[in-house]
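Reading through the structure tokens given below for one structure.
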Amino acid sequence: MSDNVKKPIKITETILRDAHQSLIATRMPTEFMLPIVGKMDKVGYHSVECWGGATFDASLRFLKEDPWDRLRKLRDGFKNTKLQMLFRGQNILGYRPYADDVVDAFVQKSIANGIDIIRIFDCLNYLPNLQEAVNATNRMKKQEGRGHAQVALSYTLGDAYTLEYWADTAKKIEEMGADSICIKDMAGLLVPYKASELIKAMKENTKLPIQLHTHYTSGVAGMTYLKAVEAGVDVIDTAMSPLAMGTSQPATEVMVETFKGTPYDTGFDQNLLAEIADYFRPYRDECLKNGLLNPRVMGVDIKTLLYQVPGGMLSNMVSQLKEQNAEDKYYDVLKEIPQVRKDLGEPPLVTPSSQIVGTQAVFNVLMGERYKMATKETKAVLRGEYGQTVKPMSQEIIDKVIPGETRLTGRFADTLPSEMDKLESEMKEWKQQDEDVLSYALFPQVATDFFKYRQAQQDKVDMTQADTKNGAYPV
């Protein structure tokens, strides 16, 4: 690019979603986010990623918060900035494939409650699992004038994943009706010069804007962004410095400074960014102190290029091993992961395939025998319920784990009857808003526990108000 042609690089800020998902197991509460929203809204971000991914489950399960309420509050605060979410295709934000009517309802409610950009991915890059979410987003765009369907390709390494594969897939995504493409590099596998080649190859095959999302796990992410921007990428994902680096994204302020005075200059105010960083820094220190932020996920692990383990998966795996008093098996499990991945058709490692492969690797190591015990999710992958993999799965493992069973060759959702009416009738005693049905759809037990908790809190408030009205004051 010549010096006089300006192409400011756009930035998606991840501190309210992926940064804390990657570093502190998605534990940042809504009440901590809200006071800084006003300042974040002035930065000029392309978007703020603040919802989806593991935030939904963690809000209900650990924080006892309604994720829909979080979204509405963030929408109220961000007056000028687009809000973005991560959506697992046919798995929505859960861990199983859902019927199309559930996907449609979830997309509709996400946009109605404040989401602008839905980043849709599939853990196998199986495009038929993305089509319904893209269609639903496009319907909302027509109806409401809001909604942007971004299809994310989970970046991974392996024989099948050639430049031609990525470029052809980019073309197919354009034909699906997506508004943009994201290269989703969950484990920091994309190295700088490969990024340059990849962006150029994809740009030759599609007119859609291309966004790049990576993690600092392997230590190359900042350099990868530099080469990608020079090669013409349109948007990059970064995190404010207190929760950047390690298994999170490159730091926002560093990337802003990198492109200052170049044709890619963001124009962001470093003083404003410094104020935002100052707000988050004590929180990071507190997380370090209470053990929520494990120093292990803060460093650089170049072995990630061998194991292909994304950040969120690393922190989950550490927790799993801790529960079993088997933290000493950490590196044994890391070594087992590539073998399990190969057995299952070399899928990218991203939720839920990362959890499936990671958990199976943990079982294989702890049991001392491979596939002595297979999880129900591993069986579902082998049956083809999560979609088709780029490479064939191990016939030996199929015969061992699901002997004699029929395997699917198409989209599993095509075999599913509509679910919304049944789900609503199952949980109607707890329903206070339409969105509750969707919370229940994704996490039936966790959502029910949350609904009981919510009811108990409301009953307490009602009792306090009644006592006050009657002249009694709670002590």
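- Side chain to side chain, T137 and H148 fail the donor-acceptor criterion of an N or O pair below 3.5 Å.
- Checked against the 6.0 Å centroid criterion, the rings of F87 and W51 do not qualify as a close aromatic pair.
- For an aromatic pair to be called close, the ring centres must be under 6.0 Å apart, and Y440 with W430 fails this.
- Ring centers of F56 and F106: under 6.0 Å apart, within the cut-off.
- Taking the side chain as every heavy atom from C-beta outward, D237 and I11 never approach each other to under 4.5 Å.
- Annotation: E369, atom CD; neighbour count of heavy atoms from other residues, nucleotides and ligands within 6.0 Å is above 12.
- With a 4.5 Å cut-off on side-chain heavy atoms, L349 and I337 count as touching.
- Few gaps surround NZ on K141; more than 12 heavy atoms of other groups in view lie less than 6.0 Å from it.
- Side-chain atoms of S248 come within 3.5 Å of backbone N or O of L243 as a donor-acceptor pair.
- Cation-pi geometry between R370 and F363 is not met at under 6.0 angstrom from the ring centre and within 45 degrees of the axis.
- Using a 3.5 Å distance cut-off with no hydrogens or angles, the side chains of H46 and D234 do not pair a donor with an acceptor.
- Residues M85 and D116 have side chains not in contact (no heavy-atom distance under 4.5 Å, counting atoms from C-beta outward).
- Open room surrounds NZ on K342; 12 or fewer heavy atoms of other groups in view lie less than 6.0 Å from it.
- With hydrogens and angles left out, the side-chain atoms of T252 and E13 include a donor and acceptor closer than 3.5 Å.
- Side chain to side chain, Y95 and E377 fail the donor-acceptor criterion of an N or O pair below 3.5 Å.
- Judged by the 6.0 Å and 45° rule, R27 forms a cation-pi pair with F62.
- Applying the 6.0 Å contact sphere to CG of D421 captures no more than 12 heavy atoms from other residues, nucleotides or ligands.
- A donor atom on one side chain and an acceptor atom on the other are found under 3.5 Å apart for Q90 and D100.
- Between F280 and F32, the distance from one ring center to the other falls under 6.0 angstrom.
- Not a single donor-acceptor pair under 3.5 Å links the side chain of S241 to the backbone N or O of A244.
- Using a 4.5 Å cut-off on side-chain heavy atoms (C-beta onward), Q211 and K184 make no contact.
- Counting heavy-atom neighbours within 6.0 Å of E405 CD, excluding the residue itself, gives a total above 12.
- By the 4.5 Å heavy-atom criterion applied to side chains, D343 and Y371 are counted as neighbours.
- Within the 4.5 Å cutoff, side-chain heavy atoms of N91 are placed close to those of Y386.
- No hydrogens or angles considered: nothing links the side chains of T12 and E49 as a donor-acceptor pair under 3.5 Å.
- With contacts defined as side-chain heavy-atom distances shorter than 4.5 Å, the pair Q249/T214 does not qualify.
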